[in-house]
Q: 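One structure follows; several queries about it will come next.
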Amino acid sequence: MGFAEQRFNVNLSILFTELPLLERPAAAAAAGFTAVELWWPWVDSPTPEQSALDALKAAIEDAGVRLTGLNLYAGQLPGPDRGALSIPGEESERFRANIDVAAAFAQSLGCTALNALYGNRVDGVDPAEQDALALENLTLAARAADRIGAILLVEALNEPESPRYPLVSAPAAVGIVDKVNAATGLGNARFLMDLYHLSMNGEDLPSVIERYASRTGHVQIADNPGRGAPGTGSLSLENLLDRLREAGYQGWVGLEYKPGDRPSARAFDWLPRENRAARAGHAAR
């Protein structure tokens, strides 16, 4: 099968960052892609002015690309934070304030996947207290996602780069997915399988795919080591994506890698231009 059989989108929070935010959708389109995803773009504001939301919506629509995934507010990302929803106090409140704003923005663009990063452990706070808060907030987010016909994603990160993040394995993240679905009864919480993070954790990726492909709502890739484009490291990403398709995954594959010391537009040489646009025959999730 190979890369030609995948539906790729470009993460505009790690690629094309040499450009202003509002120019990135058009740059992705010019590179041949028809779909994009984003971390929450306003790291200092879970509730930005409507004019800022409208401007980004217009930039995405004018570029002719589809927004297929959006992170909920996650604090300073990139930066020291790894989410806000399990952080007691102001950050949890900011996450809650963001839920309806992010859901409305996603709905306005037909985006059907919201990613909720769990958040780091906090010194002096009982992990059980953080986990209870996290489940409460994830339940709110899952219900909001359901109201717009979307799924809620829970992501495992990697321990070397995120040592205070508690979800650093596929089973840990899937365990939270199960708790959210049990709490809501909606069944719309899904696993975000980031092959780079899982490989950094030393997980057996074929085994993870076999066990969790049916529970996966989104896939992201970068090569390892280096978090660069496919072919810059040693991961057999083409083979792994083939395994995912064989296991029944037909969703989007997010390109969430660093372009290196070159313009982002030149970071897609591994993927022929004719394979960058999502074809109509690929059913959306």
Side-chain angles (χ1 to χ4, degrees), residues 11-15 17 20-21 24 36-49 52-53 56 67 69-106 111 113-145 150 152-169 172-173 176-177 179-180 189 191-192 194 196-197 200-201 218 220 222 227 254 256-258:
N11 189 302
L12 297 181
S13 299
I14 193 169
L15 286 155
T17 57
L21 175 63
R24 296 177 203 170
V36 299
E37 63 184 30
L38 282 164
W39 303 342
W40 184 248
W42 301 279
V43 296
D44 294 320
S45 177
T47 56
E49 295 291 333
L53 294 162
L56 180 55
L67 182 69
L70 178 68
N71 280 20
L72 294 161
Y73 172 77
Q76 296 292 321
L77 185 76
D81 299 333
R82 297 293 186 272
L85 63 91
S86 68
I87 313 297
E90 183 178 351
E91 279 298 88
S92 171
E93 292 171 5
R94 287 161 72 88
F95 176 83
R96 291 190 184 194
N98 174 249
I99 291 174
D100 286 342
V101 175
F105 182 73
C111 173
L114 297 173
N115 183 28
L117 286 171
Y118 201 81
N120 290 328
R121 290 305 192 203
V122 178
D123 290 337
V125 179
D126 185 347
E129 179 186 340
Q130 283 195 258
D131 291 340
L133 177 63
L135 182 58
E136 192 175 322
N137 282 335
L138 285 166
T139 297
L140 292 172
R143 289 174 176 153
L152 180 73
L153 298 167
V154 177
E155 182 175 7
L157 302 183
N158 74 78
E159 190 168 16
E161 294 175 329
S162 304
R164 300 180 67 81
Y165 190 82
L167 308 184
V168 289
S169 71
I176 298 300
V177 167
K179 288 182 179 180
V180 175
F191 176 42
L192 195 166
D194 186 310
Y196 167 74
H197 287 308
M200 283 285 286
N201 288 326
H218 186 46
Q220 291 174 333
R227 200 174 184 177
E256 196 186 49
Y257 59 77
K258 299 176 182 178

Q: Would you say the side chain of L157 lies within less than 4.5 Å of the side chain of M200, judging by non-hydrogen atoms?
A: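 Sidechains of L157 and M200: no contact.
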
Q: Under a 4.5 Å cut-off applied to non-hydrogen side-chain atoms, are H218 and E37 in contact?
A: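 Side chain of H218 against side chain of E37, heavy atoms only: contact under 4.5 Å found.
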
Q: For the backbone of A84 and the side chain of E91, can you confirm whether one donor and one acceptor N or O come within less than 3.5 Å of each other?
A: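 No; zero donor-acceptor contacts below 3.5 Å.
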
Q: Quick check: closest heavy atoms across N201 and N158, and the distance to 0.1 Å?
A: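 Shortest heavy-atom separation between N201 and N158 comes out as OD1-CA, 3.2 Å.
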
Q: Supply the atom-to-atom distance K179 NZ to L138 CG, rounded to the nearest 0.5 angstrom.
A: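 The distance works out to 11.0 Å.
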
Q: Could you tell me whether the side chains of D81 and Y73 share a donor-acceptor contact shorter than 3.5 Å?
A: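 Not at all, the side chains of D81 and Y73 share no donor-acceptor pair under 3.5 Å.
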
Q: Under a 4.0 Å N-O cut-off, is there an ion pair linking R164 with D123?
A: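 Salt bridge flag = yes for D123 with R164.
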
Q: Any side-chain heavy atom of N98 sitting closer than 4.5 Å to one from W40?
A: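 Sidechains of W40 and N98: in contact.
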
Q: Indicate yes or no: at least one non-hydrogen side-chain atom of L85 is less than 4.5 angstrom from one of S92.
A: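 A side-chain contact is absent here, since even the closest heavy-atom pair is not under 4.5 Å.
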
Q: Classify the side-chain pair W42/E49 by whether it contains a donor and acceptor separated by less than 3.5 Å.
A: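 Distance-only check fails for W42 and E49.
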
Q: Looking only at side chains, do Y257 and R227 share a donor and an acceptor under 3.5 Å apart?
A: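 Side chains of Y257 and R227: no pair found under 3.5 Å.
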
Q: One thing to verify: whether D131 and R121 come together as a salt bridge, which I'm taking to mean a side-chain N less than 4.0 angstrom from a carboxylate O.
A: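 Yes, charged N to carboxylate O under 4.0 Å.
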
Q: Are side-chain heavy atoms of Y118 and P166 found at a separation under 4.5 Å?
A: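 Result yes, sub-4.5 Å side-chain heavy-atom pair found.
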
Q: Can you find a side-chain donor-acceptor pair between Y165 and E155 that sits under 3.5 Å?
A: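 Judged by distance alone, the side chains do not pair up.
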
Q: If only side-chain N and O atoms count, and only distance matters, is there a donor-acceptor pair under 3.5 Å linking S162 with N120?
A: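 The criterion, which ignores hydrogens and geometry beyond distance, is not satisfied for S162 and N120.
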
Q: Please find the pair of heavy atoms, one from A145 and one from L114, that lie closest to each other, and give the distance.
A: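 Looking at all heavy atoms of both residues, the shortest contact is CB-CD1, 4.1 Å.
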
Q: How close do C111 and A150 get, heavy atom to heavy atom, and via which atoms?
A: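 For C111 versus A150, the nearest heavy atoms are O-CB, 4.4 Å.
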
Q: Would you please test L67 and F105 for side-chain contact (heavy atoms from CB on, under 4.5 Å) and show each step?
A: CA-CA 10 Å; L67 182 69; F105 182 73; 4.0 Å; yes

Q: Would you give the length of the straight line joining atom CG of L21 to atom CG of L12, rounded to the nearest 0.5 angstrom?
A: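 Result: 8.0 Å between the selected atoms.
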
Q: Quick one, I176 with L167, criterion side-chain contact (heavy atoms from CB on, under 4.5 Å). Give me CA distance, side-chain angles, the key distance, then yes/no.
A: CA-CA 9 Å; I176 298 300; L167 308 184; 3.7 Å; yes

Q: Might you point out which heavy atoms bring S169 and A156 nearest each other, and give the distance in Å?
A: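 Smallest interatomic distance, heavy atoms only, reads O-CB, 3.5 Å.
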
Q: Decide yes or no on side-chain contact (heavy atoms from CB on, under 4.5 Å) for V101 and L53, but give the supporting numbers first.
A: CA-CA 9 Å; V101 175; L53 294 162; 4.0 Å; yes

Q: Could you give the distance from CZ (R143) to OG1 (T139), rounded to the nearest 0.5 Å?
A: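 These two atoms lie 6.0 Å from each other.
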
Q: Quick check for you: to the nearest 0.5 Å, what is the distance between L192 atom CG and L153 atom CG?
A: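 Between atom CG of L192 and atom CG of L153 there are 5.0 Å.
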
Q: Do E256 and W39 make a side-chain contact, defined as non-hydrogen atoms from C-beta onward lying under 4.5 Å apart?
A: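 Counting from C-beta outward, E256 and W39 do come under 4.5 Å.
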
Q: Side-chain donor-acceptor pair under 3.5 Å between H197 and Q220, yes or no?
A: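 Short answer, no.
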
Q: Under a plain distance cut-off of 3.5 Å, with no hydrogens placed, do Q76 and D44 share a side-chain donor-acceptor pair?
A: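 A donor-acceptor contact under 3.5 Å links the two side chains.
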
Q: Taking 4.0 angstrom as the limit, do R96 and E93 come out as a salt bridge?
A: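 No salt bridge links R96 with E93.
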
Q: For V180 and A142, which heavy atoms make the closest approach, and how far apart are they?
A: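 Closest pair (atom of V180, atom of A142, distance): CG1-CB, 3.9 Å.
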
Q: Compare all side-chain heavy atoms of P88 with those of V125 and state whether any distance is below 4.5 angstrom.
A: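 Counting from C-beta outward, P88 and V125 do come under 4.5 Å.
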
Q: With side chains defined as the heavy atoms from C-beta onward, is the minimum distance between L152 and L72 less than 4.5 Å?
A: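 Result yes, sub-4.5 Å side-chain heavy-atom pair found.
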
Q: N71 and side-chain contact (heavy atoms from CB on, under 4.5 Å): which single residue from N11, L38, L77 fits?
A: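 Among N11, L38, L77, the one meeting side-chain contact (heavy atoms from CB on, under 4.5 Å) with N71 is L77.
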
